[in-house]
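Below you'll find the structure I mean.
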Amino acid sequence: MAIDRTKLTEMARKFKKLGRAFYERPAIDIARDLLGKILVHRVGKRTLRARIVETEAYVGEHDLACHASKGRTRRTEIMFGPGGHAYIYLIYGMYTMLNIVTSKRDDAQAVLIRAAEPLDNWQADLSGPGKLARAFDLTLAENGLDLGGDKLYLLDDADYRPRIVTSKRVGVEYAQQWKDELLRFCVADSKAVSKPRPWFTASSQANSG
DNA sequence: GCGTCGATGGCA
DNA sequence: GCCATCGACGCG
C-alpha cells in the first residue's frame with residue numbers, strides 16, 4: 001500500500017519533540033504545558049509511551065519544598081544545570097521520581113511527573129510518581145539524561161487542550177509557607193490522576209463510583 | 001472507604 | 001534521621 005504523505009506530514013507537525021526553547025522556561029509554566037504531552041522511553045526493543053496528566057512545579061532555591069533549597073549537593077547538582085535533562089532520585093529506599101529540569105543554568109527549577117495515561121494499548125498503572133517511574137523502567141542510571149536525545153524524551157501534541165485543575169503539592173508538609181502553594185497541575189477528570197484527586201471534596205469522593 | 005504502618009537506601 | 005511513596009492491613 002502507498003505511503004500516505006499527507007498523514008505523515010500532519011503527524012510530524014503535531015508530534016514534534018520538545019526542545020531547548022520549551023525547557024528553558026520557568027517550571028510553573030512548563031508544569032502546566034506538560035499536561036497532555038507524551039512521555040517516551042525507549043528501552044531495549046520496547047518504546048514506552050504515555051500521556052502526562054499530572055505534574056508539580058518546584059520553582060527554585062527559595063522554594064522550601066524544592067530539593068535545590070538545600071543548595072548545591074551531589075544529588076541536586078543536575079537541577080542547577082541547563083533545562084531539558086532528567087532529574088531522577090530515590091525516595092523511601094524503593095521508588096524513583098522522574099523530574100524534568102527546567103529554566104537555565106544556575107536557576108534550579110524542576111517539574112515532577114506524577115501521573116500519565118498509557119498509550120499504545122499498554123496496560124499499566126501510572127497514577128502516582130513512584131508507579132510511573134517504575135513502569136517506565138526509570139532508575140538512578142537514567143539520572144541526568146538529555147531529553148534532546150533519542151532515549152528519553154517528550155513529544156508535543158499540538159491539538160490537545162486539556163482543562164486544568166490546580167491544587168497543593170503532595171507530601172511537602174515540611175515546607176512551611178510553600179506547602180500551600182498551588183503548584184500541582186492535573187488534567188481535569190482524568191482517571192489516571194493520583195490521589196488525592198483535586199476536583200473532589202473528601203465527602204463527594206467517598207460517594208462516587 | 002479510610003487511617004495507620006512499615007519497607008528500604010541514598011544522602012546530608 | 002530524614003524523605004516530592006505505595007500497598008497491606010484492620011476496622012465493624
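Protein chains get the first letters and strands the later ones, always in sequence-line order, with residue 1 at the start of each.
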Could you tell me whether A:R51 sits above the aromatic face of A:Y160, with NZ or CZ closer than 6.0 angstrom to the six-membered ring centre and within 45 degrees of the axis?
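The answer is yes, since A:R51 meets both limits relative to A:Y160.
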For A:L112 and C:dC3, give me the distance from atom CG to atom C1', rounded to whole Å.
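Computing the A:L112:CG to C:dC3:C1' distance gives 14 Å.
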Could you tell me if A:R75 sits above the aromatic ring of A:Y89, with its cationic atom closer than 6.0 Å to the ring centre and no more than 45 degrees from the axis?
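Judged by the rule, A:R75 and A:Y89 form a cation-pi pair.
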With ring centroids as reference points, do A:W178 and A:Y58 lie under 6.0 angstrom apart?
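Distance test on ring centres: not under 6.0 Å, no.
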Expressed in angstrom and rounded to an integer, what is the separation of A:L140 atom CG from B:dC11 atom C1'?
11 Å
DNA chain C: stems of at least 3 consecutive Watson-Crick or G-U pairs, cut-off 3.5 Å?
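Stems found: B:1-7 with C:5-11, B:9-11 with C:1-3.
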Output yes when A:D63 and A:R169 qualify as a salt bridge under the 4.0 Å nitrogen-oxygen rule, no when they do not.
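Yes, A:D63 and A:R169 are salt-bridged.
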Do A:T6 and A:T9 meet the criterion of a side-chain donor-acceptor pair at a distance under 3.5 Å?
no
Between C:dC6 (C1') and A:L126 (CG): distance, integer Å:
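That distance rounds to 15 Å.
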Taking the six-membered ring of A:F22, is NZ or CZ of A:R20 closer than 6.0 Å to its centre and within 45° of its axis?
no
Touch class at under 4.0 angstrom, heavy-atom based, for A:R134 against every strand present
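Counting heavy atoms under 4.0 Å across all strands, the contact made by A:R134 is with sugar-phosphate only.
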Just to verify, what does A:R46 make a salt bridge (charged side-chain N to carboxylate O under 4.0 Å, His left out) with, not counting sequence neighbours?
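With sequence neighbours excluded, A:R46 shows a salt bridge (charged side-chain N to carboxylate O under 4.0 Å, His left out) to no residue whatsoever.
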Please work out which residues in residues 63-98 of chain A have a non-hydrogen atom less than 4.0 Å from an atom of DNA chain B and list them by number.
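Residues of residues 63-98 of chain A under 4.0 Å from DNA chain B: A:T73, A:R74, A:R75, A:L90, A:Y92, A:G93, A:M94.
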Distance check needed: C:dA8 C1' versus A:K131 NZ, whole Å only.
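Rounded to the whole Å, the gap is 14 Å.
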Atom CG of A:N143 and atom C1' of B:dG10: how far apart are they, to the nearest Å?
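Spelled out: CG on A:N143 to C1' on B:dG10 is 12 Å.
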Taken to the nearest whole Å, CD/A:E56 to C1'/C:dT5 is 12 Å
Would you please say whether a donor-acceptor pair under 3.5 Å links the side chains of A:H41 and A:Y153?
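There is no such pair (donor and acceptor under 3.5 Å, judged by atom type) between the side chains of A:H41 and A:Y153.
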Can you tell me how far P in B:dC5 sits from the matching atom in C:dG12, rounded to whole Å?
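15 Å, rounded to whole Å.
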